[in-house]
Amino acid sequence: MKDTFLWGGSTSAFQFEGGANEGGKGVSFYDTISRSSKAAADNMESWMGTNKIKDYTVTSDFYHHYEEDIQLMSEMGFKSFRMSVAWTRIYPDGDGNVNPQGIAFYRNVFSLLKKSGIEPVVTLYHWDMPQSLIDRYHGWYGIETVHAFEQYAETCFRAFGEYVKYWLTLNENNMTIMMPGFGTGMKKTKDDPDYDIFKYTVFHNTNIAHFAAVRKCHEIIPDAMIGCMFASALAYPLTSDPEDVLLARNHNQKLNYDYLDLLTRGRYTPKNVFEMKQAGFTVSEEDSKLFSDPKSIIDFISFSYYFSVCTGTEQNAADENAGTVQMMYQAMSNPKLKKSTFGWTIDPTGLRILMNDLYDRYQLPVMIVENGLGVKDDILTEDKEVHDDYRISYLREHIKAVKAAVDEDHVDCLGYLPWGCIDLYSASGDRDKRYGFIYVDYEDAHKRYRKDSFFWYQNVIKTNAEELD
Ligand code: BGP
(Lines give C-alpha, C1' and ligand atoms only; values in the text may rest on other atoms or scores of the structure.)
Protein backbone atom coordinates (compact mmCIF):
# COMPACT_ATOMS: atom_id res chain seq x y z
CA MET A 1 0.00 0.00 0.00
CA LYS A 2 1.32 3.44 -0.89
CA ASP A 3 2.19 5.82 1.94
CA THR A 4 -0.21 8.29 0.38
CA PHE A 5 -3.14 5.86 0.66
CA LEU A 6 -6.17 7.76 1.91
CA TRP A 7 -7.36 5.84 4.97
CA GLY A 8 -10.44 7.52 6.34
CA GLY A 9 -14.17 7.42 6.77
CA SER A 10 -17.34 8.67 5.21
CA THR A 11 -20.60 10.52 6.04
CA SER A 12 -23.32 12.62 4.44
CA ALA A 13 -24.93 15.87 5.56
CA PHE A 14 -28.54 14.77 5.94
CA GLN A 15 -27.53 11.73 8.03
CA PHE A 16 -24.81 13.34 10.11
CA GLU A 17 -24.69 17.11 10.16
CA GLY A 18 -27.87 18.28 11.90
CA GLY A 19 -28.23 22.00 12.60
CA ALA A 20 -31.21 21.97 10.26
CA ASN A 21 -32.68 25.17 11.64
CA GLU A 22 -29.44 27.00 12.21
CA GLY A 23 -26.99 29.17 10.34
CA GLY A 24 -29.50 30.28 7.74
CA LYS A 25 -29.98 26.81 6.29
CA GLY A 26 -32.95 26.31 3.99
CA VAL A 27 -35.36 23.40 3.93
CA SER A 28 -34.36 20.19 2.21
CA PHE A 29 -36.55 17.21 1.41
CA TYR A 30 -35.42 15.54 4.67
CA ASP A 31 -36.30 18.65 6.69
CA THR A 32 -39.78 18.46 5.24
CA ILE A 33 -40.09 14.94 6.63
CA SER A 34 -38.88 16.27 10.01
CA ARG A 35 -41.63 18.88 9.89
CA SER A 36 -44.13 16.04 9.81
CA SER A 37 -45.02 16.30 6.20
CA LYS A 38 -46.83 13.08 5.54
CA ALA A 39 -46.53 13.66 1.81
CA ALA A 40 -42.73 13.78 1.98
CA ALA A 41 -42.56 10.73 4.25
CA ASP A 42 -44.87 8.80 1.93
CA ASN A 43 -42.84 9.84 -1.05
CA MET A 44 -39.64 8.61 0.57
CA GLU A 45 -41.28 5.32 1.48
CA SER A 46 -42.58 4.83 -2.01
CA TRP A 47 -39.02 4.88 -3.36
CA MET A 48 -36.93 3.62 -0.44
CA GLY A 49 -39.19 1.19 1.44
CA THR A 50 -40.07 1.66 5.10
CA ASN A 51 -38.60 4.60 6.94
CA LYS A 52 -38.69 4.60 10.73
CA ILE A 53 -36.85 7.90 11.08
CA LYS A 54 -39.17 10.85 11.38
CA ASP A 55 -36.77 13.62 12.32
CA TYR A 56 -33.48 14.60 10.69
CA THR A 57 -33.11 17.95 12.47
CA VAL A 58 -30.17 17.01 14.69
CA THR A 59 -28.96 13.53 13.62
CA SER A 60 -25.35 13.18 14.94
CA ASP A 61 -25.02 16.93 15.41
CA PHE A 62 -21.74 17.33 13.56
CA TYR A 63 -22.78 20.97 13.19
CA HIS A 64 -21.94 21.52 16.87
CA HIS A 65 -19.43 18.70 17.33
CA TYR A 66 -17.19 19.14 14.32
CA GLU A 67 -14.14 20.23 16.30
CA GLU A 68 -14.40 17.23 18.61
CA ASP A 69 -15.08 14.92 15.67
CA ILE A 70 -12.09 16.11 13.69
CA GLN A 71 -9.97 15.68 16.81
CA LEU A 72 -11.20 12.07 17.13
CA MET A 73 -10.53 11.38 13.45
CA SER A 74 -7.09 12.82 13.84
CA GLU A 75 -6.50 10.59 16.87
CA MET A 76 -7.43 7.59 14.72
CA GLY A 77 -4.91 8.77 12.14
CA PHE A 78 -7.40 9.56 9.37
CA LYS A 79 -5.85 10.79 6.12
CA SER A 80 -9.19 11.60 4.56
CA PHE A 81 -12.78 12.32 5.50
CA ARG A 82 -15.76 12.21 3.18
CA MET A 83 -18.69 14.47 3.88
CA SER A 84 -21.29 16.17 1.77
CA VAL A 85 -22.19 19.81 1.55
CA ALA A 86 -25.86 20.45 2.30
CA TRP A 87 -27.07 22.29 -0.80
CA THR A 88 -29.63 24.24 1.29
CA ARG A 89 -26.91 25.51 3.61
CA ILE A 90 -25.28 27.20 0.62
CA TYR A 91 -28.45 28.14 -1.28
CA PRO A 92 -31.41 27.98 1.14
CA ASP A 93 -33.85 27.84 -1.79
CA GLY A 94 -31.61 25.75 -4.03
CA ASP A 95 -31.00 28.81 -6.23
CA GLY A 96 -31.10 32.57 -5.73
CA ASN A 97 -29.11 34.06 -2.87
CA VAL A 98 -26.04 32.48 -1.30
CA ASN A 99 -26.02 32.03 2.47
CA PRO A 100 -22.69 33.44 3.74
CA GLN A 101 -23.05 31.61 7.07
CA GLY A 102 -23.18 28.30 5.21
CA ILE A 103 -20.01 29.13 3.30
CA ALA A 104 -18.32 30.14 6.55
CA PHE A 105 -19.35 26.89 8.29
CA TYR A 106 -17.83 24.64 5.62
CA ARG A 107 -14.72 26.78 5.28
CA ASN A 108 -14.15 26.33 9.01
CA VAL A 109 -14.63 22.58 8.76
CA PHE A 110 -12.41 22.16 5.69
CA SER A 111 -9.64 24.35 7.02
CA LEU A 112 -9.61 22.46 10.32
CA LEU A 113 -9.47 19.16 8.45
CA LYS A 114 -6.51 20.39 6.40
CA LYS A 115 -4.74 21.65 9.53
CA SER A 116 -5.25 18.19 11.02
CA GLY A 117 -3.66 16.53 7.97
CA ILE A 118 -7.00 15.16 6.73
CA GLU A 119 -8.00 15.51 3.07
CA PRO A 120 -11.67 16.41 2.69
CA VAL A 121 -13.45 14.28 0.08
CA VAL A 122 -16.61 16.20 -0.70
CA THR A 123 -19.88 15.01 -2.24
CA LEU A 124 -21.89 17.80 -3.78
CA TYR A 125 -25.25 16.06 -3.67
CA HIS A 126 -26.11 13.32 -1.22
CA TRP A 127 -29.90 13.20 -1.74
CA ASP A 128 -30.92 16.28 0.28
CA MET A 129 -32.77 18.04 -2.52
CA PRO A 130 -33.84 21.60 -1.65
CA GLN A 131 -37.59 21.53 -0.97
CA SER A 132 -38.06 24.76 -2.87
CA LEU A 133 -36.74 23.10 -6.06
CA ILE A 134 -39.14 20.20 -5.52
CA ASP A 135 -42.03 22.63 -5.08
CA ARG A 136 -41.16 24.76 -8.09
CA TYR A 137 -39.63 22.30 -10.58
CA HIS A 138 -40.20 18.75 -9.29
CA GLY A 139 -36.53 18.49 -8.37
CA TRP A 140 -34.47 16.58 -10.91
CA TYR A 141 -37.43 16.31 -13.25
CA GLY A 142 -37.05 20.01 -14.09
CA ILE A 143 -34.12 21.31 -16.08
CA GLU A 144 -34.19 24.43 -13.85
CA THR A 145 -32.92 22.24 -11.00
CA VAL A 146 -29.98 21.21 -13.15
CA HIS A 147 -29.14 24.87 -13.72
CA ALA A 148 -29.47 25.54 -9.99
CA PHE A 149 -27.10 22.64 -9.30
CA GLU A 150 -24.55 24.01 -11.77
CA GLN A 151 -24.62 27.34 -9.97
CA TYR A 152 -24.34 25.63 -6.56
CA ALA A 153 -21.43 23.44 -7.72
CA GLU A 154 -19.59 26.45 -9.10
CA THR A 155 -20.08 28.32 -5.82
CA CYS A 156 -18.63 25.36 -3.90
CA PHE A 157 -15.62 25.06 -6.21
CA ARG A 158 -14.86 28.76 -5.84
CA ALA A 159 -15.48 28.94 -2.09
CA PHE A 160 -13.81 25.67 -1.04
CA GLY A 161 -11.35 24.89 -3.85
CA GLU A 162 -8.48 26.16 -1.78
CA TYR A 163 -9.07 23.32 0.73
CA VAL A 164 -10.81 20.56 -1.20
CA LYS A 165 -8.91 18.54 -3.80
CA TYR A 166 -11.20 15.49 -4.01
CA TRP A 167 -14.77 15.97 -5.18
CA LEU A 168 -17.65 13.62 -5.92
CA THR A 169 -20.71 14.72 -7.85
CA LEU A 170 -24.00 12.88 -7.13
CA ASN A 171 -24.22 10.09 -4.58
CA GLU A 172 -25.05 6.66 -6.04
CA ASN A 173 -26.57 8.18 -9.14
CA ASN A 174 -26.72 4.88 -11.03
CA MET A 175 -29.67 4.11 -8.71
CA THR A 176 -31.68 6.89 -10.35
CA ILE A 177 -32.60 4.57 -13.18
CA MET A 178 -34.27 2.31 -10.58
CA MET A 179 -35.66 5.04 -8.32
CA PRO A 180 -36.23 8.01 -10.64
CA GLY A 181 -38.81 9.67 -8.42
CA PHE A 182 -36.49 10.05 -5.46
CA GLY A 183 -35.50 13.73 -5.40
CA THR A 184 -38.48 14.86 -7.48
CA GLY A 185 -41.31 14.71 -4.96
CA MET A 186 -43.29 12.78 -7.58
CA LYS A 187 -44.83 9.39 -7.10
CA LYS A 188 -44.66 7.24 -10.20
CA THR A 189 -45.02 3.55 -10.67
CA LYS A 190 -44.00 1.32 -13.53
CA ASP A 191 -47.68 1.09 -14.44
CA ASP A 192 -47.86 4.78 -15.29
CA PRO A 193 -47.91 5.07 -19.09
CA ASP A 194 -45.30 7.84 -19.03
CA TYR A 195 -43.00 6.05 -16.56
CA ASP A 196 -40.18 5.43 -19.04
CA ILE A 197 -40.02 8.95 -20.38
CA PHE A 198 -40.17 10.24 -16.80
CA LYS A 199 -37.35 7.88 -15.83
CA TYR A 200 -35.08 8.94 -18.69
CA THR A 201 -35.84 12.63 -18.21
CA VAL A 202 -34.81 12.48 -14.56
CA PHE A 203 -31.79 10.27 -15.23
CA HIS A 204 -30.60 12.43 -18.10
CA ASN A 205 -31.02 15.61 -16.06
CA THR A 206 -28.89 14.21 -13.26
CA ASN A 207 -26.29 13.28 -15.86
CA ILE A 208 -26.21 16.82 -17.27
CA ALA A 209 -25.72 18.03 -13.69
CA HIS A 210 -22.85 15.56 -13.25
CA PHE A 211 -21.01 16.37 -16.49
CA ALA A 212 -21.44 20.12 -16.08
CA ALA A 213 -20.05 19.96 -12.53
CA VAL A 214 -17.04 17.88 -13.61
CA ARG A 215 -16.23 20.35 -16.38
CA LYS A 216 -16.59 23.34 -14.03
CA CYS A 217 -14.40 21.70 -11.43
CA HIS A 218 -11.64 21.12 -13.97
CA GLU A 219 -11.88 24.74 -15.10
CA ILE A 220 -11.97 26.30 -11.64
CA ILE A 221 -9.63 24.02 -9.65
CA PRO A 222 -7.19 22.53 -12.18
CA ASP A 223 -5.30 20.53 -9.55
CA ALA A 224 -8.43 18.91 -8.12
CA MET A 225 -9.63 15.40 -8.87
CA ILE A 226 -13.32 14.80 -9.36
CA GLY A 227 -15.09 11.48 -9.53
CA CYS A 228 -18.51 9.95 -9.60
CA MET A 229 -20.09 7.91 -6.84
CA PHE A 230 -21.92 4.79 -7.83
CA ALA A 231 -23.63 2.07 -5.81
CA SER A 232 -21.93 -1.12 -6.83
CA ALA A 233 -24.18 -4.05 -7.47
CA LEU A 234 -21.91 -6.94 -8.26
CA ALA A 235 -23.85 -9.99 -9.37
CA TYR A 236 -22.71 -13.59 -9.68
CA PRO A 237 -24.53 -16.25 -11.64
CA LEU A 238 -26.29 -18.58 -9.20
CA THR A 239 -25.15 -21.60 -11.22
CA SER A 240 -22.89 -22.31 -14.19
CA ASP A 241 -25.96 -22.52 -16.44
CA PRO A 242 -25.10 -20.10 -19.27
CA GLU A 243 -28.54 -18.52 -18.84
CA ASP A 244 -27.60 -17.60 -15.27
CA VAL A 245 -24.24 -16.30 -16.44
CA LEU A 246 -26.00 -14.15 -19.01
CA LEU A 247 -28.39 -12.81 -16.37
CA ALA A 248 -25.51 -11.84 -14.10
CA ARG A 249 -23.68 -10.19 -16.99
CA ASN A 250 -26.75 -8.21 -17.93
CA HIS A 251 -27.31 -7.20 -14.34
CA ASN A 252 -23.74 -5.90 -14.00
CA GLN A 253 -23.97 -4.12 -17.33
CA LYS A 254 -27.28 -2.48 -16.54
CA LEU A 255 -26.59 -1.40 -12.97
CA ASN A 256 -22.87 -0.75 -12.99
CA TYR A 257 -21.38 -0.44 -16.43
CA ASP A 258 -24.05 1.39 -18.39
CA TYR A 259 -23.52 4.24 -15.97
CA LEU A 260 -19.74 4.10 -15.79
CA ASP A 261 -19.41 3.66 -19.56
CA LEU A 262 -21.36 6.88 -19.93
CA LEU A 263 -19.26 8.76 -17.39
CA THR A 264 -15.93 7.62 -18.80
CA ARG A 265 -16.72 7.58 -22.53
CA GLY A 266 -18.99 10.60 -22.61
CA ARG A 267 -21.90 8.90 -24.36
CA TYR A 268 -24.72 6.49 -23.57
CA THR A 269 -24.21 2.87 -24.60
CA PRO A 270 -25.86 1.90 -27.92
CA LYS A 271 -28.41 -0.18 -26.01
CA ASN A 272 -29.28 2.76 -23.76
CA VAL A 273 -29.66 5.03 -26.78
CA PHE A 274 -32.02 2.50 -28.35
CA GLU A 275 -34.09 2.16 -25.17
CA MET A 276 -34.30 5.91 -24.70
CA LYS A 277 -35.44 6.38 -28.30
CA GLN A 278 -38.08 3.72 -27.83
CA ALA A 279 -39.40 5.61 -24.83
CA GLY A 280 -39.53 8.76 -27.00
CA PHE A 281 -36.55 10.43 -25.37
CA THR A 282 -33.82 12.12 -27.39
CA VAL A 283 -30.55 13.64 -26.28
CA SER A 284 -29.87 17.12 -27.62
CA GLU A 285 -26.71 17.99 -29.52
CA GLU A 286 -25.73 20.45 -26.84
CA ASP A 287 -25.90 17.76 -24.15
CA SER A 288 -23.95 15.31 -26.30
CA LYS A 289 -21.27 17.96 -26.71
CA LEU A 290 -21.09 18.54 -22.97
CA PHE A 291 -20.87 14.80 -22.27
CA SER A 292 -18.09 14.17 -24.78
CA ASP A 293 -15.96 17.16 -23.78
CA PRO A 294 -12.72 15.67 -22.35
CA LYS A 295 -12.98 18.22 -19.52
CA SER A 296 -16.26 16.60 -18.44
CA ILE A 297 -14.70 13.19 -17.85
CA ILE A 298 -14.05 11.99 -14.31
CA ASP A 299 -10.56 11.47 -12.89
CA PHE A 300 -11.33 8.45 -10.73
CA ILE A 301 -14.12 6.02 -9.98
CA SER A 302 -15.49 5.94 -6.50
CA PHE A 303 -18.18 3.66 -5.25
CA SER A 304 -19.98 2.11 -2.33
CA TYR A 305 -19.62 -1.61 -1.75
CA TYR A 306 -21.63 -3.44 0.88
CA PHE A 307 -22.63 -6.76 -0.67
CA SER A 308 -22.79 -8.87 -3.78
CA VAL A 309 -25.89 -10.56 -5.13
CA CYS A 310 -26.76 -13.65 -7.18
CA THR A 311 -28.96 -13.84 -10.22
CA GLY A 312 -30.40 -16.95 -11.76
CA THR A 313 -33.33 -18.41 -13.56
CA GLU A 314 -34.28 -20.71 -10.70
CA GLN A 315 -37.54 -19.67 -9.07
CA ASN A 316 -38.36 -18.96 -5.40
CA ALA A 317 -34.93 -18.03 -4.11
CA ALA A 318 -35.54 -14.28 -4.52
CA ASP A 319 -38.01 -14.15 -1.64
CA GLU A 320 -35.33 -14.84 0.91
CA ASN A 321 -34.04 -11.33 0.45
CA ALA A 322 -37.35 -9.69 1.21
CA GLY A 323 -36.99 -6.48 3.18
CA THR A 324 -33.43 -5.78 2.11
CA VAL A 325 -32.01 -3.49 -0.50
CA GLN A 326 -30.96 -6.59 -2.38
CA MET A 327 -34.60 -7.23 -3.09
CA MET A 328 -34.66 -4.23 -5.38
CA TYR A 329 -32.29 -6.11 -7.62
CA GLN A 330 -34.59 -9.15 -7.70
CA ALA A 331 -31.56 -10.98 -6.47
CA MET A 332 -31.16 -14.39 -4.92
CA SER A 333 -29.33 -15.57 -1.85
CA ASN A 334 -25.83 -16.82 -2.36
CA PRO A 335 -25.65 -20.24 -0.72
CA LYS A 336 -21.91 -19.77 -0.12
CA LEU A 337 -22.16 -16.53 1.85
CA LYS A 338 -23.44 -15.33 5.23
CA LYS A 339 -25.57 -12.25 5.80
CA SER A 340 -25.49 -9.43 8.32
CA THR A 341 -28.26 -9.09 10.87
CA PHE A 342 -29.83 -6.60 8.47
CA GLY A 343 -29.80 -9.20 5.71
CA TRP A 344 -26.94 -7.84 3.61
CA THR A 345 -24.64 -10.51 2.16
CA ILE A 346 -21.06 -10.35 3.41
CA ASP A 347 -18.58 -10.83 0.60
CA PRO A 348 -15.04 -9.41 0.95
CA THR A 349 -13.76 -11.25 -2.13
CA GLY A 350 -16.45 -9.51 -4.15
CA LEU A 351 -14.74 -6.23 -3.36
CA ARG A 352 -11.47 -7.52 -4.82
CA ILE A 353 -13.28 -8.78 -7.91
CA LEU A 354 -15.06 -5.47 -8.37
CA MET A 355 -11.90 -3.39 -7.94
CA ASN A 356 -10.19 -5.51 -10.60
CA ASP A 357 -13.13 -5.34 -12.98
CA LEU A 358 -13.33 -1.57 -12.67
CA TYR A 359 -9.64 -1.00 -13.07
CA ASP A 360 -9.33 -3.38 -16.03
CA ARG A 361 -12.25 -1.81 -17.76
CA TYR A 362 -11.57 1.90 -17.21
CA GLN A 363 -7.90 2.21 -16.25
CA LEU A 364 -8.80 4.96 -13.82
CA PRO A 365 -7.88 4.96 -10.13
CA VAL A 366 -10.62 3.68 -7.86
CA MET A 367 -11.65 4.91 -4.42
CA ILE A 368 -13.85 2.99 -1.99
CA VAL A 369 -15.98 5.67 -0.37
CA GLU A 370 -18.46 3.43 1.42
CA ASN A 371 -18.18 -0.02 2.97
CA GLY A 372 -18.96 -1.38 6.38
CA LEU A 373 -21.22 -3.36 8.62
CA GLY A 374 -24.45 -1.77 9.81
CA VAL A 375 -25.62 -3.40 13.04
CA LYS A 376 -27.48 -2.60 16.21
CA ASP A 377 -24.71 -1.80 18.71
CA ASP A 378 -26.84 -2.06 21.81
CA ILE A 379 -23.98 -3.04 24.05
CA LEU A 380 -22.76 0.27 25.32
CA THR A 381 -21.58 -1.04 28.70
CA GLU A 382 -21.72 0.80 32.04
CA ASP A 383 -18.18 1.98 31.50
CA LYS A 384 -19.24 3.21 28.06
CA GLU A 385 -17.44 0.63 25.97
CA VAL A 386 -18.70 -0.99 22.80
CA HIS A 387 -17.12 -4.36 22.06
CA ASP A 388 -17.76 -4.52 18.33
CA ASP A 389 -15.58 -7.46 17.35
CA TYR A 390 -18.15 -8.34 14.61
CA ARG A 391 -17.42 -4.99 12.95
CA ILE A 392 -13.67 -5.47 13.26
CA SER A 393 -13.88 -8.85 11.62
CA TYR A 394 -16.04 -7.52 8.74
CA LEU A 395 -13.65 -4.62 8.10
CA ARG A 396 -10.55 -6.77 8.49
CA GLU A 397 -11.67 -9.13 5.74
CA HIS A 398 -12.59 -6.25 3.44
CA ILE A 399 -9.31 -4.46 4.03
CA LYS A 400 -7.47 -7.73 3.26
CA ALA A 401 -9.35 -7.80 -0.03
CA VAL A 402 -8.36 -4.20 -0.80
CA LYS A 403 -4.75 -4.98 0.06
CA ALA A 404 -4.76 -8.02 -2.21
CA ALA A 405 -6.24 -5.97 -5.05
CA VAL A 406 -3.57 -3.32 -4.59
CA ASP A 407 -0.49 -5.36 -3.72
CA GLU A 408 -1.11 -8.52 -5.75
CA ASP A 409 -3.37 -7.37 -8.60
CA HIS A 410 -1.85 -3.88 -8.94
CA VAL A 411 -5.11 -2.00 -8.95
CA ASP A 412 -4.54 1.72 -8.49
CA CYS A 413 -6.62 2.52 -5.43
CA LEU A 414 -6.64 6.00 -3.90
CA GLY A 415 -8.27 5.24 -0.59
CA TYR A 416 -10.62 3.36 1.67
CA LEU A 417 -13.29 5.39 3.46
CA PRO A 418 -15.70 3.14 5.33
CA TRP A 419 -19.22 4.40 5.82
CA GLY A 420 -20.56 6.12 8.93
CA CYS A 421 -17.17 6.29 10.67
CA ILE A 422 -18.92 8.17 13.44
CA ASP A 423 -22.42 6.78 14.02
CA LEU A 424 -25.10 8.42 11.92
CA TYR A 425 -28.67 7.86 10.78
CA SER A 426 -29.19 5.05 8.34
CA ALA A 427 -30.45 5.92 4.86
CA SER A 428 -32.84 3.01 4.85
CA GLY A 429 -34.50 4.52 7.87
CA ASP A 430 -33.29 2.81 11.02
CA ARG A 431 -31.39 4.91 13.52
CA ASP A 432 -30.17 1.82 15.32
CA LYS A 433 -28.30 0.56 12.29
CA ARG A 434 -24.84 1.81 13.19
CA TYR A 435 -21.57 1.64 11.27
CA GLY A 436 -19.16 3.77 13.33
CA PHE A 437 -15.84 3.44 15.07
CA ILE A 438 -17.31 6.05 17.39
CA TYR A 439 -20.59 5.58 19.20
CA VAL A 440 -22.97 8.53 19.32
CA ASP A 441 -25.39 8.55 22.23
CA TYR A 442 -28.47 10.11 20.64
CA GLU A 443 -30.26 10.10 24.00
CA ASP A 444 -27.57 11.87 25.98
CA ALA A 445 -26.31 15.10 24.42
CA HIS A 446 -24.83 13.28 21.42
CA LYS A 447 -21.82 12.26 23.46
CA ARG A 448 -19.14 10.38 21.56
CA TYR A 449 -17.51 7.12 22.76
CA ARG A 450 -14.67 5.19 21.17
CA LYS A 451 -15.69 1.63 20.27
CA ASP A 452 -13.17 -1.24 20.22
CA SER A 453 -13.01 -0.84 16.44
CA PHE A 454 -11.69 2.71 16.96
CA PHE A 455 -8.45 1.39 18.45
CA TRP A 456 -8.23 -1.42 15.94
CA TYR A 457 -8.61 0.94 12.94
CA GLN A 458 -6.12 3.35 14.49
CA ASN A 459 -3.52 0.58 14.39
CA VAL A 460 -4.48 -0.43 10.86
CA ILE A 461 -3.82 3.11 9.69
CA LYS A 462 -0.64 3.43 11.72
CA THR A 463 0.81 0.26 10.22
CA ASN A 464 -0.61 0.95 6.74
CA ALA A 465 -2.56 -2.30 7.08
CA GLU A 466 0.51 -4.38 7.89
CA GLU A 467 -1.17 -5.28 11.18
CA LEU A 468 -4.77 -6.32 10.81
CA ASP A 469 -5.30 -8.49 13.86
C1 BGP B 1 -25.63 4.09 0.72
C2 BGP B 1 -25.81 5.56 0.95
C3 BGP B 1 -25.55 6.04 2.34
C4 BGP B 1 -25.72 5.01 3.41
C5 BGP B 1 -25.37 3.61 3.04
C6 BGP B 1 -25.76 2.52 4.02
O7 BGP B 1 -26.58 3.67 -0.18
O8 BGP B 1 -24.99 6.33 0.10
O9 BGP B 1 -26.20 7.24 2.52
O10 BGP B 1 -26.58 5.25 4.39
O11 BGP B 1 -25.87 3.25 1.79
O12 BGP B 1 -27.12 2.25 3.91
P13 BGP B 1 -28.06 2.19 5.18
O14 BGP B 1 -27.90 3.47 5.89
O15 BGP B 1 -29.40 2.00 4.64
O16 BGP B 1 -27.59 1.03 5.96
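Read the numbers this way: they start at 1 and go in the same order the structure lists the ligands and their atoms.
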Who passes side chain to side chain contact (heavy atoms under 4.5 Å, CB included) against T341, sequence neighbours left out? V375

Proximal atoms of ligand 1 relative to [X] (non-hydrogen, under 4.0 Å):
| X | value |
| --- | --- |
| Q15 | 3 (C), 4 (C), 9 (O), 10 (O) |
| Y435 | 6 (C), 12 (O), 13 (P), 16 (O) |
| S426 | 13 (P), 14 (O), 15 (O), 16 (O) |

Please check if the distance between the ring centroids of W344 and Y394 is under 6.0 Å. no

Would you say the ring centroid of W419 lies under 6.0 angstrom from that of Y306? no

Between the side chains of T345 and K339, does any donor sit under 3.5 Å from an acceptor? no

Would you say [X] and ligand 1 have an N/O pair spaced under 3.5 Å apart?
| X | result |
| --- | --- |
| S12 | no |
| Y425 | no |
| A427 | yes |

Answer yes when [X] and [Y] have at least one side-chain N-carboxylate O distance shorter than 4.0 Å, and no when they do not.
| X | Y | result |
| --- | --- | --- |
| R434 | D388 | no |
| K376 | D430 | no |
| D452 | R391 | no |

Tell me the nearest of F16, W344, Y306, F342 to atom 12 (O) of ligand 1, using heavy-atom distances. W344

Logged contact type for D430 with ligand 1, heavy-atom cut-off 4.0 Å, is neither

Would H126 count as a contact of ligand 1 if the rule is a heavy atom under 4.0 Å away? yes

